[in-house]
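All chains are named by letter (A, B, ...) in the order of the sequence lines, taking the proteins before the strands, and each is independently numbered beginning at 1.
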Protein chains: 2
Amino acid sequence: MTPRQNRNRDRAGRGIPEATVARLPVYLRALHALQERGVATVSSEELASAAGVNSAKLRKDLSHLGSYGTRGVGYEVEYLVYQISRELGLTQDWAVAIIGVGNLGRALAGYGGFASRGFRVAGLLDADEALVGQEIAGRTVRHIDRLEDVIASGRVSIAVIATPAHAAQKVCDRVVAAGVTSVLNFAPVVLSVPEGVDVRKVDLSIELQILAFHEQRKAGGPGDRRLSGEGPPGPAQYVETVEAG
Amino acid sequence: MTPRQNRNRDRAGRGIPEATVARLPVYLRALHALQERGVATVSSEELASAAGVNSAKLRKDLSHLGSYGTRGVGYEVEYLVYQISRELGLTQDWAVAIIGVGNLGRALAGYGGFASRGFRVAGLLDADEALVGQEIAGRTVRHIDRLEDVIASGRVSIAVIATPAHAAQKVCDRVVAAGVTSVLNFAPVVLSVPEGVDVRKVDLSIELQILAFHEQRKAGGPGDRRLSGEGPPGPAQYVETVEAG
DNA sequence: GGATGTGAAGCGGTTCACAGCC
DNA sequence: GGCTGTGAACCGCTTCACATCC
């Protein structure tokens with residue numbers, strides 16, 4: 001039975017767990033900081049602490065890339081930087097197009113983290129004629145009509161969507177049709193894309209709502225059990241005992 | 001032994017899984033869209049599709065809040081909106097302070113998603129004297145010296161850190177000392193906070209790097225196994241079998 | 001001795017598949 | 001008949017604990 005035997009192929013390539021991939025950039029950043037401080041070697045304990053994870057996780061993560069440490073010693077910072085960079089694909093340049101040059105798009109265009117490590121802003125595009133021609137972070141804003149043109153000539157493979165929500169899906173369809181296979185979406189909508197295209201979402205409002213949930217619990221909201229003894233009025237919560245007692 | 005018996009208390013309150021909490025805002029947004037279109041009732045299948053998840057997951061998520069659906073029918077949109085809002089703590093107002101009014105802080109201050117649902121910008125702060133006094137998104141920028149003041153008088157419980165990396169930890173320490181227990185961090189650093197304070201991180205550069213990793217695999221990078229036998233050029237996508245087929 | 005690398009156990013989350021109810 | 005709600009199986013990630021190697 002088990003009709004999804006072939007599911008394993010989903011974790012493609014070398015099979016680095018997605019959770020590990022998501023942490024590699026954090027390790028890389030910590031390593032760069034160590035490098036700047038002139039540190040040549042680092043233990044899993046130290047690096048883990050700098051990255052905000054525990055050392056077992058760090059070691060397991062790194063073990064997926066290969067055996068780049070030395071037992072009894074630690075990891076050579078420079079070597080590890082190179083290996084992680086290579087694994088993440090940062091040893092080559094990636095051309096990025098930013099679509100939507102409102103406040104957010106502008107912030108992105110000026111963000112140092114883009115230019116610094118392997119990412120090149122190959123185009124800023126907007127539908128607003130008033131913005132077209134303006135120079136932002138050293139690049140001239142072009143009209144959205146030229147989207148396909150910019151993607152093709154700039155060999156753009158990553159599109160950053162920073163448009164209003166209502167425009168995002170249309171823009172997404174266009175960049176995908178033009179050959180882009182990775183999208184970073186800042187618009188508060190669920191984008192639908194064909195198989196093979198990766199979308200990552202950054203959503204400020206969602207993050208805030210998650211924080212609000214936890215904050216509410218701390219403060220005695222509907223999910224909070226701390227007050228279950230007494231009987232304040234309001235949205236009469238349905239009580240469920242939790243072992244926390 | 002097992003010295004982490006009390007770890008269970010970490011998943012506090014009613015015990016809604018963290019993964020579920022992270023999806024509730026997405027459902028909420030989809031429900032609002034349905035509401036605007038005048039839809040009164042929705043099935044798990046429809047709502048799931050609008051939210052970009054599968055229906056089993058959606059049903060299990062909602063079941064953690066209670067039995068708010070009707071078998072054979074679906075969920076009443078308005079009722080579900082209320083229940084999720086209440087669970088997330090959006091039926092009350094949350095005061096937010098934004099620290100750092102560069103491009104990003106400005107984008108955040110002007111972001112509609114803040115004001116719209118339960119979040120009120122109670123303060124914009126910056127260390128740059130040139131910015132202090134300026135009006136942004138209808139609010140006057142105040143000097144960072146007044147941070148504690150603003151937090152106390154505005155009853156701020158959520159701080160958004162949009163400062164340069166080097167300033168973030170110091171700002172974080174100050175907002176925590178002033179009583180803030182939820183932090184949304186946009187600065188590319190790992191913040192350390194005392195027990196009981198929640199930090200969520202939004203990191204553009206990390207998202208891009210994750211995309212680059214996958215992009216590289218598609219294109220035949222070091223993690224790519226597809227070409228190990230032969231060598232066709234081009235972005236010959238790595239095929240992923242999906243049971244739907 | 002000391003730190004890495006890794007089987008094995010543990011845990012949370014996802015998916016299946018169907019019982020339960022309208 | 002149709003759709004929700006949910007136990008059970010499954011899966012991947014985390015953590016432990018220690019064998020392994022410098």
Next on the checklist: For a quick test of reading the model: is some side-chain N or O of A:Ser44 closer than 4.0 Å to OP1 or OP2 of C:dT4?
Outcome noted: yes
Item to check | Donor-acceptor pair under 3.5 Å, B:Arg71 side chain vs D:dG5 base | outcome: no
Item to check | Atom-to-atom span, NZ of B:Lys57 to P of D:dT4 - whole angstrom | outcome: 17 Å
Checklist outcome for this item: Here the distance between atom P of D:dC3 and atom CG of B:Leu47, to the nearest Å, is 14 Å
Next on the checklist: Taking 4.0 Å as the cut-off, does a side-chain nitrogen or oxygen of B:Thr70 come that near to OP1 or OP2 on D:dT4?
Outcome noted: no
Next on the checklist: When you measure from the side-chain N and O atoms of A:Lys60 to the phosphate of D:dT14, is any distance below 4.0 Å, counting only OP1 and OP2?
Outcome noted: no
Checklist entry - When you measure from the side chain of A:Asn185 to the backbone N and O of A:Val189, does any donor-acceptor pair fall under 3.5 Å? => result yes
Checklist entry - Which nucleotide, D:dT4, C:dT6, D:dC13, lies nearest any side-chain atom of A:Ser63? => result C:dT6
Checklist entry - Rounding to a whole Å, what distance do you find between B:Leu65:CG and D:dG5:P? => result 10 Å
Item to check | Given D:dC3, C:dA3, C:dT14, the nucleotide with the shortest approach to the side chain of B:Ser43 | outcome: D:dC3
Checklist entry - A:Ile16 CD1 to D:dT14 P: how many Å, rounded? => result 14 Å
Checklist entry - Atom NE2 of B:His64 and atom C1' of C:dG12: how far apart are they, to the nearest Å? => result 10 Å
Checklist entry - Side chains of A:Ser43 and A:Glu46: is there a donor and an acceptor less than 3.5 Å apart? => result yes
Checklist entry - Between D:dT14 atom P and A:Leu58 atom CG, what is the distance in whole Å? => result 12 Å
If you look only at distance, which donor and acceptor atoms sit under 3.5 Å apart when one is on a side chain in residues 73-81 of chain B and the other is two or more places apart or in another chain?
unit_1	atom_1	unit_2	atom_2	d
B:Tyr79	OH	B:Gln83	NE2	3.2

Checklist entry - Can you tell me if A:Arg29 and A:His32 form a side-chain donor-acceptor pair at under 3.5 Å? => result no
Checklist entry - For B:Arg23 and B:Val73, take the nucleotide of DNA chain C holding the closest heavy atom to each; which residue's nucleotide lies nearer the 5' end? => result B:Arg23
Checklist entry - Considering heavy-atom distances to DNA chain D, does A:Gly72 or A:Ala56 have its closest nucleotide positioned more toward the 5' end? => result A:Ala56
Item to check | Contact under 4.0 Å: A:Tyr75 side-chain N or O vs D:dC22 OP1/OP2 | outcome: no
Next on the checklist: So, OP1 or OP2 of D:dT14: does either fall under 4.0 Å of a side-chain N or O from A:Asn54?
Outcome noted: no
Checklist entry - When the distance from CZ of B:Arg59 to C1' of D:dG7 is rounded to whole Å, what number comes out? => result 14 Å
Item to check | Atom-pair distance (CG on B:Leu62; P on D:dT4), nearest Å | outcome: 9 Å
Next on the checklist: Main chain of A:Ala33, side chain of A:Glu36: is a donor-acceptor contact present, judged purely on distance under 3.5 Å?
Outcome noted: no
